[in-house]
Amino acid sequence: MIGIIGRTAIATCLVAQAALANAADLNVYSTIAMRGALEELVPQFQKESGKTLALTWGTAAMLTKRIEAGEPADVAILTRANIDTLTKEEKIAPATAVTLAASNIAVAIKSGAHKPDISSADSLKQALLEAKSIAYSDPAAGGASGVHFAAVLERLGIADALKTKTKFPPAGGNAASLVATGEAELAIQQKPEIMNVAGVDVAGPLPSDLNKVTVFAAGIVANGKNTDAAKALLKFLQSSEAAKVFKAVGFDPD
């Protein structure tokens with residue numbers, strides 16, 4: 001009986017989400033890296049345009065697969081690499097892709113905690129080995145920071161040494177949230193994602209020779225509805241007002 005109730009509740013939730021998406025003027029699929037900025041910008045756009053947006057969050061890789069599978073998105077906000085892939089596959093309408101901002105990968109600590117020295121490869125290696133636990137996005141989920149940081153650990157020669165104290169957030173989740181809850185001492189994530197979590201601080205970026213700048217872009221999904229509204233959203237996200245918000249939450253605006 002409990003199993004039936006649980007499945008019924010899940011089905012009801014999915015139906016409700018689908019209804020909300022169908023009622024919105026635009027369905028926007030966005031990487032979680034953009035969440036802090038969009039939670040401020042979307043209400044502004046809705047107020048100014050009179051249009052309603054339904055947002056679906058996930059890693060860029062997860063959302064790319066869902067768009068490739070034909071899910072009814074209207075606008076995609078992903079990494080530039082993912083947008084370019086979807087454009088080549090004709091899933092993004094020609095000549096609609098625009099660059100929005102860029103970010104680097106940083107280290108998160110509990111608010112008020114001592115900031116470890118992570119200024120060089122050797123100091124980062126030492127800080128990671130001394131930490132009781134670390135968190136980063138599961139590379140298997142395809143998140144840009146998780147895939148890159150897994151390669152960094154291999155390069156530093158400590159991937160095996162950290163396996164037993166590494167924690168991954170749920171797919172599409174934020175590793176910094178595990179620091180906020182005390183489940184991890186350090187987290188490695190895109191800087192804007194860290195800044196979007198209460199109770200954590202940015203200890204600093206990964207050393208420049210180990211870091212990776214990720215460029216984020218948006219595009220109109222081919223065969224999406226309400227193309228005019230989609231164009232208006234992209235124009236708004238390229239405005240000087242939007243650039244100020246991107247900068248405030250940790251991005252380098254385009």
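For this chain, numbers begin at 1 and follow the sequence in order. Bear in mind the structure is a predicted one, so any value in this text is a computation, not a measurement.
Nearest heavy-atom pair, W57 versus I32, reported as atom, atom and distance to 0.1 Å: CB-CG2, 3.9 Å. When all heavy atoms are compared, the tightest approach of A135 to L178 is CB-CD1, 3.8 Å. Contact detail for D209 and A121: the closest heavy-atom pair is OD2-CB, 4.4 Å.
Ion pairing between D122 and K125 fails under the 4.0 Å rule for side-chain N and carboxylate O. Salt-bridge formation is detected for the pair D84/R80: a Lys NZ or Arg NE/NH1/NH2 atom is positioned less than 4.0 Å from an Asp or Glu carboxylate oxygen. Here E183 does not pair with K167 in a salt bridge; the nearest charged N to carboxylate O distance is not below 4.0 Å.
Under the side chain to side chain donor-acceptor pair (under 3.5 Å) test applied with T214, the options H148, Q190, K191 reduce to a single match, Q190. Test T31, T59, T87, T64 against N82 for side chain to side chain donor-acceptor pair (under 3.5 Å) and you get one pass: T64.
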Test log, rule side-chain contact (heavy atoms from CB on, under 4.5 Å), inputs Y29 and E71: CA-CA 10 Å; Y29 279 23; E71 290 195 16; 2.6 Å; yes
Test log, rule side chain to side chain donor-acceptor pair (under 3.5 Å), inputs Q126 and E130: CA-CA 6 Å; Q126 189 64 30; E130 292 178 353; 2.7 Å; yes
CA sep, side-chain torsions, deciding dist, call: F216, F246, ring-ring contact (aromatic ring centres under 6.0 Å, His included): CA-CA 11 Å; F216 295 91; F246 285 134; 9.3 Å; no
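Listed for the D117 side chain is no donor-acceptor partner under 3.5 Å among the backbone atoms of S123. Looking only at distances, no side-chain donor or acceptor of D74 sits under 3.5 Å from a matching main-chain atom of G224. Looking at Q189, its side chain does come within 3.5 Å of a backbone N or O of A175 through a donor-acceptor pair. Counting only distance, with no hydrogens or angles, the side chain of N211 and the backbone of I105 share a donor-acceptor pair below 3.5 Å. Of the possible polar contacts, none joining the D201 side chain to the I109 backbone as a donor-acceptor pair under 3.5 Å is found.
Using the six-membered ring where Trp is involved, F45 and F236 have ring planes that are tilted, between 30° and 60° apart.
In this structure, the side chains of L55 and E39 stay at 4.5 Å or more apart for every pair of heavy atoms.
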